[in-house]
Structure formats: C-alpha cells, structure tokens
Amino acid sequence: MKSVRRALGLGVSVLETLVPRNRKRTLKGLSLYHYPACPYCLRVRFAMHRLGVAVECRDIDRRRRWREQLEGEGGKVQVPCLRIAGGDGDVWLYESAAIVDYLQARAREEGR
Ligand SMILES: N[C@@H](CCC(=O)N[C@@H](CS)C(=O)NCC(=O)O)C(=O)O
C-alpha cells in the first residue's frame, strides 16, 4: 500500500513541477504535514500556489519522526495538518478546507 502511495506521490510531484511557478512569500512558524499522493494535501498545496505563499512541508512518508510528531503532538495521523507555532503552544489544524481558509487569511494579512 505504502509503495503504491509512493509511486502515485512521485507521479503527482512530477506533475506539480509542470505548474508555472509564482513568486512565493514564505509564511513563518507554519509546517504542513502531508504526503504527495493525498488529494486533500494536493488541494492545500494548490491553494498555496494560488495564494503565492510557501510553508515548510513535511512529508510523513519520508520521515518517521514527522509522522510520530503528528500523531503524538497533533493527536492523530491524518493529513493534511498545519502546525501553527505559537507562544502558548502549537495549534495543530486538521481539515484541508480549514487550512485553506487559514492560509487565505494569513496571505491577506501579510499582503497589507
Ligand atoms: N476531511 C479531511 C480528510 C483528510 C484525509 O482523509 N486524509 C487521509 C489521506 S488522503 C489520511 O490522512 N488518512 C490517514 C492515513 O493515511 O494514515 C480533509 O479534508 O483534510
């Protein structure tokens, strides 16, 4: 199963390289836990592309530590999940629609 996902992920990653590059602004304090073949993750990555923003991306199929962090600190292994670093502790935001809304708001704020 994992090898099928890896193969699909490789295909998706290759296709994503065909999307024209925008200039991207990196949003600080954010990490996206994801894997390439997940359609919900793709939705978030395309939104980032459309908004012209970048965040650190952590492929949980590549590093066991990232999967363990997601499960241990976020509470479950479900991707995409956006980790938002904060002074009072991190917020782990699950659900692609909520992540896209959050990124839209941040992009608007930082564009001012
Ligand atoms: N409603 C969620 C669905 C996310 C979802 O189902 N993600 C799948 C991957 S496509 C997942 O994390 N499954 C658990 C796993 O792969 O271990 C969203 O929109 O983000």
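These numbers were taken from a predicted model, which means no experiment stands behind them. Counting convention: from 1, in listed order, for ligands and their atoms alike.
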Query raised in the report: Between Gln69 and Tyr33, does a side-chain hydrogen bond (donor to acceptor under 3.5 Å, both in side chains) hold up when you go through it step by step?
Result: CA-CA 10 Å; Gln69 268 174 5; Tyr33 290 71; 2.6 Å; yes
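Less than 4.0 angstrom separates some heavy atom of Ser96 from each of these atoms of ligand 1: 18 (C), 19 (O), 20 (O). Short contacts between ligand 1 and Val77, defined as distances under 4.0 Å to a heavy atom of the residue, involve ligand atoms 14 (C), 17 (O). Each of the following atoms of ligand 1 lies closer than 4.0 Å to a heavy atom of Arg5: 16 (O).
For Tyr35, the closest heavy-atom approach to ligand 1 falls below 4.0 Å. Contact annotation: Glu71 has no heavy atom less than 4.0 Å from any atom of ligand 1.
The single protein non-hydrogen atom nearest to atom 10 (S) of ligand 1 is Cys38 SG, 3.1 Å, given as residue, atom name and distance. Scanning the protein for heavy atoms near atom 12 (O) of ligand 1, the closest one is Val79 N, 2.8 Å. Looking from atom 1 (N) of ligand 1 to the surrounding protein, the closest heavy atom is Glu95 OE1, 2.7 Å.
When the heavy atoms of Tyr33, Tyr94, Tyr40 are ranked by distance to atom 6 (O) of ligand 1, first place goes to Tyr40.
At most 12 heavy atoms of other shown residues, nucleotides or ligands fall within 6.0 angstrom of atom CZ in Arg63.
Ion pairing between a basic and an acidic side chain is recognised when a charged N comes within 4.0 Å of a carboxylate O; Arg106 and Glu110 show such pairing. Here Asp61 does not pair with Arg6 in a salt bridge; the nearest charged N to carboxylate O distance is not below 4.0 Å.
For the residue pair Arg45 and Tyr35, the shortest heavy atom distance occurs at NH1-O, 3.6 Å.
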